[in-house]
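Within every chain, numbering begins at 1; the chains are lettered A, B, ... in the order of the sequence lines, protein sequences first and strands thereafter. Any value given below was found using the heavy atoms of this structure, including those in side chains, with hydrogens, waters and symmetry copies removed.
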Protein chains: 2
Amino acid sequence: MSALSKRRLRTWIRLLRLTRSVEADLRDYLRTAHDTTLPRFDVMAALYRQHGDVTMSELSRMLLVSNGNATAVVDRLEKDGFARRTPAPGDRRTVHVALTDAGTVAFQSMATGHEERLDGLLEHLTEADLDSLRDILRRALPDADPSHTPAHAVADKEPT
Amino acid sequence: MSALSKRRLRTWIRLLRLTRSVEADLRDYLRTAHDTTLPRFDVMAALYRQHGDVTMSELSRMLLVSNGNATAVVDRLEKDGFARRTPAPGDRRTVHVALTDAGTVAFQSMATGHEERLDGLLEHLTEADLDSLRDILRRALPDADPSHTPAHAVADKEPT
DNA sequence: ACTTTAAATTTCAAGCTTAAAATGAATCGG
DNA sequence: CCGATTCATTTTAAGCTTGAAATTTAAAGT
């Protein structure tokens, strides 16, 4: 196996190390400060962004999780009063999922803390680093489907 | 919230998108080609690297997973005959975990396929990209503890 | 109308993961 | 030696996640 392939493996391990430790910190923040979890937050973020009328299929595609998984997390959010399912008019197979008012309020507070926390975790990344990363990640995932945006996505409509 | 903080959030989302889709592909490969899972592979990779005498605590630190999680995955590997627990001489609290011969053989074949697969997934990353990424990821995780190497780590003793 | 095919969602079993509590063992200060 | 603390691991309960099978509905094709 080529030296380049070994370097790719090393880089992949580094990438995993970063995402896992950042996720561990965010998970901890969400648990202690908001008594919630990362998967719940991800779903709420996706619902908040689209504000309303997201189908279960869209949800699982956005978050890159299985359809059964989306069902389970939405079930729990619904039980907590943070999300609501409504039958889609016109197609009885489809349901529309949305945040409730309580869910929206709860999410906004979570999102602020989440962004602050993340900002601290990535404080050593400069504008130049973010530029490079954007280019590199684009190159790594050339077939990126915008509907695959995996959660957290609270921010930004600004030009990339 | 600052524009920089919003950019950090966007970058984080991109990073997650990449790691999730790469993980999904590797998971699929391991399942179809080797009838195993990513967590099992990660544990086997850690054991293979150290070849022998890894404690449960070291394992969970290396993989950035909880101690209870390490227990569960090692339990299953042991049941499959791929890993072995032996009491540590001198300290009756501690156990040493190692791959069995069968585990070693199985792992080597998985690791080859895993590296090839990953090489394909990251084929668009050039040497220059890998250089940049190494520097950026180092900056992002300045307190990186080398014992936190999260799995997969099969390759490489070469200089970083 | 009827069969087939595809689509959206849920259900299910198995496994993964975490945080917290429990167990058992070593260590340390008195 | 003793009590307290710390350490290594396992256990437990709850929740997460997947892939596959099952349901239900819609859309075609005949």
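- Listed for the B:Glu116 side chain is no donor-acceptor partner under 3.5 Å among the backbone atoms of B:Gly113.
- Nearest to the side-chain atoms of B:Arg92 among the listed nucleotides C:dA25, C:dT17, C:dT9 stands C:dA25.
- Of all nucleotides listed (C:dT11, D:dT11, D:dA8), C:dT11 comes nearest to the side chain of A:Thr71.
- Rounding to whole angstrom units, CZ of residue B:Arg40 and C1' of D:dT18 are separated by 13 Å.
- Between the side chain of A:Glu78 and the backbone N or O of A:Arg85 there is at least one donor-acceptor pair closer than 3.5 Å.
- Protein atom CG of B:Asp75 is 15 Å distant from nucleotide atom C1' of C:dA14, rounded to whole Å.
- We find that CG of A:Asp42 is positioned 13 Å from C1' of D:dT17, with the value rounded to whole Å.
- For B:Asp80 and C:dA14, the CG to P distance is 15 Å, given to the nearest whole Å.
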Are B:Phe82 and B:Phe107 close enough, and set up right, to give a ring-ring contact (aromatic ring centres under 6.0 Å, His included), and what steps lead you there? CA-CA 9 Å; B:Phe82 287 161; B:Phe107 175 72; over 10 Å; no
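- For B:Met56, counting side-chain heavy atoms from C-beta on, the closest listed nucleotide (D:dT9, D:dT17, C:dT9) is D:dT9.
- For the pair B:His114 and B:Tyr29, the tightest heavy-atom approach, listed with the atom from each and the gap, is N-CE2, 3.6 Å.
- Between B:Thr55 and the phosphate of D:dT9, there is a side-chain N or O to OP1/OP2 separation shorter than 4.0 Å.
- A straight line from CG of B:Asp35 to C1' of C:dA14 spans 13 Å, rounded to a whole angstrom.
- For A:Arg85, a side-chain nitrogen or oxygen approaches OP1 or OP2 of C:dT10 to under 4.0 Å.
- Under the 3.5 Å distance criterion, the side-chain polar atoms of B:Ser109 are left unmatched by any main-chain donor or acceptor of B:Val105.
- Take B:Asp135 and apply the side chain to side chain donor-acceptor pair (under 3.5 Å) test, not counting sequence neighbours, and it matches no residue.
- Distance CD (B:Glu23) to P (D:dT18): 10 Å, rounded to an integer number of Å.
- In this structure a side-chain-to-backbone donor-acceptor pair under 3.5 Å is present from B:Arg20 to A:Leu63.
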Taking only nitrogen or oxygen atoms into account, show me every contact under 3.5 Å that the protein makes with nucleotides 18-24 of chain C, one pair per line with its distance.
from: C:dT18; atom 1: OP2; to: B:Ser66; atom 2: N; distance (Å): 2.8
from: C:dT18; atom 1: OP2; to: B:Ser66; atom 2: OG; distance (Å): 3.3
from: C:dT18; atom 1: OP2; to: B:Asn69; atom 2: ND2; distance (Å): 3.2

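- Between the C1' atom of C:dG15 and the CG atom of B:Leu77 lies a distance of 12 Å, rounded to the nearest Å.
- Taking only side-chain nitrogens and oxygens, A:Ser57 comes nearer than 4.0 Å to OP1 or OP2 of C:dT9.
- Between the CG atom of A:Leu59 and the C1' atom of C:dA8 there is a distance of 13 Å, rounded to whole Å.
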